[in-house]
Amino acid sequence: MGRASLRAEGVRVVEVGNWRTHNRNSKGAWGPLNGSIVHHTVTKGAASTVATVRDGYASLPGPLCHGMIAKDGVVHMAGWGRTNHAGGGDPAVLARVAAEDYGTRPPAPTKGNSNGTDGNRHFYGWECENLGDGKDPWPAAQYDAIVRVQAALCRAHGWSAKSVIGHREWSSDKVDPRGIDMARLRADVAERLTHPASWSKETDVALTDADIKKVAAAVVEQLLTADRFTAPADAADYSDDPKSPRHYWTGRSVFADLVTRVRRIDKTLTALSKEK
């Protein structure tokens, strides 16, 4: 698994510094790998967030993930190998994720960072730019990138979407990624895995009432004025001069002529009825 797999999946990748060798391997093992964890950053702004996940904090050195998925869907590769992202979690969850034998959700974790199993060894980690307050939105471009990244990992390892979990599904003391339904995310990853890596999902665009009115008005305007053709020679205002606007008809001309002819017929019928 690497940048080529991500790009094949349609992911826009930015490589940050020496990300390939930036890791915490000196502090513990990395592997066997059993899955991927999605996080939120509790930060705002792509540049500052990239710096944070790469460098970490005094109390938690970086890298804090393998890649940071920004609001615009760009994935910034920050490290490769062991990273400080998962912390401690429930060994029962690890077993179910490794076996991929749970339903729509893994069992709720009962252990956390202080008393759980080392997750940094077993999981990829993806920090996603979001304030994590339940109000900060997840733009479509960002969500699509999250799905693509997870699908790329699953393809590379031969995993199903059940190898993808949220941090809150791993550790009892975590809430991230707040605002993302992980069951839905896994369903979207599973759907991608039924298609080639180059596949893009077609989406319907919802039109507002105002949009519909604008489209209808534009169509009517096109029909009435834009498209013109040679008028019939018996038209009331016909001119045989091609330079004259009366030599041509538009949709508006057709309606006008139709009204004129109907009124003429009406007058004729009225006159005939009076003669009787």
Side-chain angles (χ1 to χ4, degrees), residues 1-2 5-6 8-11 24-25 28-40 64-67 69 75 79-128 130 132 138 142-197 199 201:
M1 167 64 198
S5 297
L6 293 174
E9 203 75 38
V11 177
R24 301 287 293 168
N25 289 0
W30 191 49
L33 291 168
N34 300 115
S36 178
I37 293 182
V38 179
H39 305 257
H40 66 224
L64 305 183
C65 61
H66 295 92
I69 305 175
V75 178
W80 201 252
R82 182 182 175 91
T83 67
N84 278 331
H85 74 95
D90 197 326
V93 173
L94 176 61
R96 300 295 295 276
V97 171
E100 298 185 325
D101 63 355
Y102 61 90
T104 57
R105 301 180 188 278
T110 60
K111 295 183 182 296
N113 197 47
S114 63
N115 64 349
T117 295
D118 175 18
N120 295 333
R121 174 177 184 172
H122 295 284
F123 292 97
Y124 291 100
W126 304 91
E127 289 284 357
C128 304
N130 190 277
W138 293 92
Q142 184 180 33
Y143 182 82
D144 180 62
I146 296 171
V147 172
R148 289 175 185 268
V149 167
Q150 305 314 309
L153 286 168
C154 291
R155 285 189 209 276
H157 287 277
W159 294 336
S160 79
K162 290 186 178 182
S163 285
V164 179
I165 61 173
H167 201 190
R168 65 176 181 267
E169 295 178 307
W170 166 243
S171 178
S172 61
D173 48 17
K174 300 298 180 180
V175 298
D176 55 320
R178 181 173 279 163
I180 290 183
D181 182 336
M182 289 305 301
R184 178 198 163 195
L185 178 66
R186 281 186 285 271
D188 290 337
V189 172
E191 181 184 15
R192 272 203 73 81
L193 292 174
T194 65
H195 299 277
W199 176 74
K201 185 175 184 178

Would the distance check show the side chain of [X] and the main-chain N or O of [Y] forming a donor-acceptor pair, the cut-off being under 3.5 Å?
| X | Y | value |
| --- | --- | --- |
| Asn84 | Leu64 | no |
| Lys111 | Thr117 | no |
| Arg168 | Pro177 | yes |
| Asp90 | Thr110 | yes |
| Arg82 | Ala29 | yes |
| His40 | Glu127 | no |
| His167 | Ala86 | yes |

Item to check | NZ/NE/NH1/NH2 to OD/OE distance under 4.0 Å, Arg192 and Asp188 | outcome: no
Roughly how far, to the nearest 0.5 Å, is the [atom2] atom of [Y] from the [atom1] atom of [X]?
| X | Y | atom1 | atom2 | answer |
| --- | --- | --- | --- | --- |
| Arg155 | Ser5 | CZ | OG | 10.0 Å |
| Arg105 | Arg186 | CZ | CZ | 6.5 Å |
| Arg178 | His39 | CZ | NE2 | 15.5 Å |
| Leu193 | Glu9 | CG | CD | 7.0 Å |
| Ile37 | Glu169 | CD1 | CD | 9.5 Å |
| Ile69 | Asn130 | CD1 | CG | 12.0 Å |

Next on the checklist: Show, in sequence, the C-alpha distance, side-chain angles and deciding distance for His122 and Trp170, and conclude whether the side-chain contact (heavy atoms from CB on, under 4.5 Å) test is met.
Outcome noted: CA-CA 11 Å; His122 295 284; Trp170 166 243; 5.9 Å; no
Taking the side chain as everything from C-beta on, heavy atoms only, tell me whether [X] gets closer than 4.5 Å to [Y].
| X | Y | answer |
| --- | --- | --- |
| Trp126 | Val75 | yes |
| His157 | Leu33 | yes |
| Val147 | Leu185 | yes |

Please report the closest heavy-atom contact between [X] and [Y], naming both atoms and the distance.
| X | Y | result |
| --- | --- | --- |
| Ser160 | Cys154 | O-SG, 3.4 Å |
| Gly125 | Cys65 | O-CB, 3.4 Å |
| Asn113 | Ser171 | N-OG, 3.6 Å |
| Ser163 | Glu100 | OG-OE2, 2.5 Å |
| Asp118 | Asn120 | OD1-N, 3.0 Å |
| Trp30 | His66 | CZ2-NE2, 3.5 Å |

Checklist entry - Looking at residues at least two apart in the chain, or sitting in another chain, which of them share a salt bridge (charged side-chain N to carboxylate O under 4.0 Å, His left out) with Asp176? => result none
Checklist entry - Between Tyr102 and Val93, is a side-chain contact (heavy atoms from CB on, under 4.5 Å) present by the stated rule, with each step listed? => result CA-CA 9 Å; Tyr102 61 90; Val93 173; over 6 Å; no
Next on the checklist: With salt bridge (Lys or Arg N to Asp or Glu O under 4.0 Å) as the test, pick out the partner of Glu191 among Arg148, Arg184, Lys201.
Outcome noted: Lys201
Next on the checklist: Let's go through Leu6 and Val149 carefully: what are the C-alpha distance in whole Å and the side-chain angles of both, what is the deciding distance for side-chain contact (heavy atoms from CB on, under 4.5 Å) to 0.1 Å, and is it a yes or a no?
Outcome noted: CA-CA 6 Å; Leu6 293 174; Val149 167; 4.1 Å; yes
Next on the checklist: Below 30° counts as parallel, above 60° as perpendicular, anything between as tilted: where do the rings of Tyr124 and Trp80 land?
Outcome noted: tilted
Item to check | Candidates Pro109, Pro106, Ser36 - the one meeting side chain to side chain contact (heavy atoms under 4.5 Å, CB included) with Ile165 | outcome: Pro106
